[in-house]
Amino acid sequence: DASAVYEAEHDIFEDNWGYTQLPYSVWEHYILGNMGDPSLWLIAVDAENEIAGMCLGQPRSETQGWIQTLGVRSDWRKRGLGSALLRHGFRALQSYGFTEGGLEVDSENRSGAVALYERAGMTVRRRYLIYRKTLLRGRDEDFQG
């Protein structure tokens, strides 16, 4: 059920810096569109059939698969679920013939994601900074510099 995955993704990432929930139609196009492949997904559910975590994989290039989303709801963190989902994601990508797997992470993520990826043997390929400025209406000094 894509709408349940959409809602769970929001719950998982809503506290991350810069996270903005996309409208469902945009999320659906991006996640299920041209690059989406639900056969590369694993959705973990609890005893009440609620989503506890997810690993959503997709093709990135001929040789690289991509973990588009890896996340665990807060009540299920620190129990090994993220690690298990990531291992499954790597296996799924490998079974499709990809020789490399990648993902993106906020380096200041407070959930322990960076340490999880390092424990899984992942290495940093690229770092980038995002600059932001609040523009106040009618303030000329916002444009000097």
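For reference, positions follow the sequence shown, starting with 1. What you see below is based on every heavy atom in this structure, not just the backbone, and it leaves out hydrogens, waters and symmetry mates.
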Any idea which heavy atoms bring M54 and V5 closest together, and the distance? CE-O, 3.5 Å
First locate atom NE2 of H10, then atom CD1 of I12, and finally report the distance between them rounded to the nearest 0.5 Å. 11.0 Å
Whether the T123 and Y117 side chains hold a donor-acceptor pair (N or O, under 3.5 Å, no angle test) is what I'd like checked. no
Distance check, rounded to the nearest 0.5 Å: K78 atom NZ versus S83 atom OG? 12.0 Å
Heavy-atom closest pair, residues A2 and Y24: CB-OH, 3.4 Å
Measure across I51 and A8 and return the closest heavy-atom pair with its distance rounded to 0.1 Å. CG2-CB, 3.7 Å
Side-chain heavy atoms nearer than 4.5 Å, only ILVMFWY residues, links allowed to pass through others: does that put L86 and F98 together? yes
Got W66 and E104 here, is their nearest side-chain heavy-atom distance under 4.5 Å? yes
Mind checking whether L22 and F13 sit in one hydrophobic cluster, side chains of I, L, V, M, F, W, Y counted as touching below 4.5 Å? yes
In this structure, which one of R125, Q94, R60 forms a side-chain contact (heavy atoms from CB on, under 4.5 Å) with E100? R125
Is it true that M122 and V114 fall in one hydrophobic cluster, defined by side-chain heavy atoms closer than 4.5 Å? yes
Starting at CG of L70, measure out to CG of L56 and round the result to the nearest 0.5 Å. 8.5 Å
Test your reading of the model: is there a side-chain donor-acceptor pair from R73 to the backbone of D11, 3.5 Å cut-off? no
Please check: side-chain N/O of R77 versus main-chain N/O of V72, any donor-acceptor pairing under 3.5 Å? yes
Taking all non-hydrogen atoms of both residues, which atom of C55 and which atom of G89 are closest, and how far apart? SG-CA, 3.8 Å
Separation between CD1 of I67 and CG of L93, rounded to the nearest 0.5 Å: 4.5 Å
Check E48 against D46 and note the closest heavy-atom contact, atom names and distance. N-OD1, 3.0 Å
Crowding at CD, E14 (>12 non-hydrogen neighbours, <6.0 Å): yes
Side chains of W41 and Q58, heavy atoms from C-beta outward: is any pair under 4.5 Å? no
Ring centre gap for Y30 and W27 strictly below 6.0 Å: no
Would you kindly say whether T69 and E9 are connected by a side-chain donor-acceptor distance under 3.5 Å? yes
Do R91 and S95 have side-chain atoms, one donor and one acceptor, less than 3.5 Å apart? no
Closest heavy-atom contact between A44 and L85? CB-CD2, 4.3 Å
Taking C-beta and beyond as the side chain, do L40 and Q68 meet within less than 4.5 Å on heavy atoms? no
Is any side-chain heavy atom of H88 less than 4.5 Å from a side-chain heavy atom of F90? no
Keeping Y6 on the side-chain end and D1 on the backbone end, is there a donor-acceptor pair under 3.5 Å? no
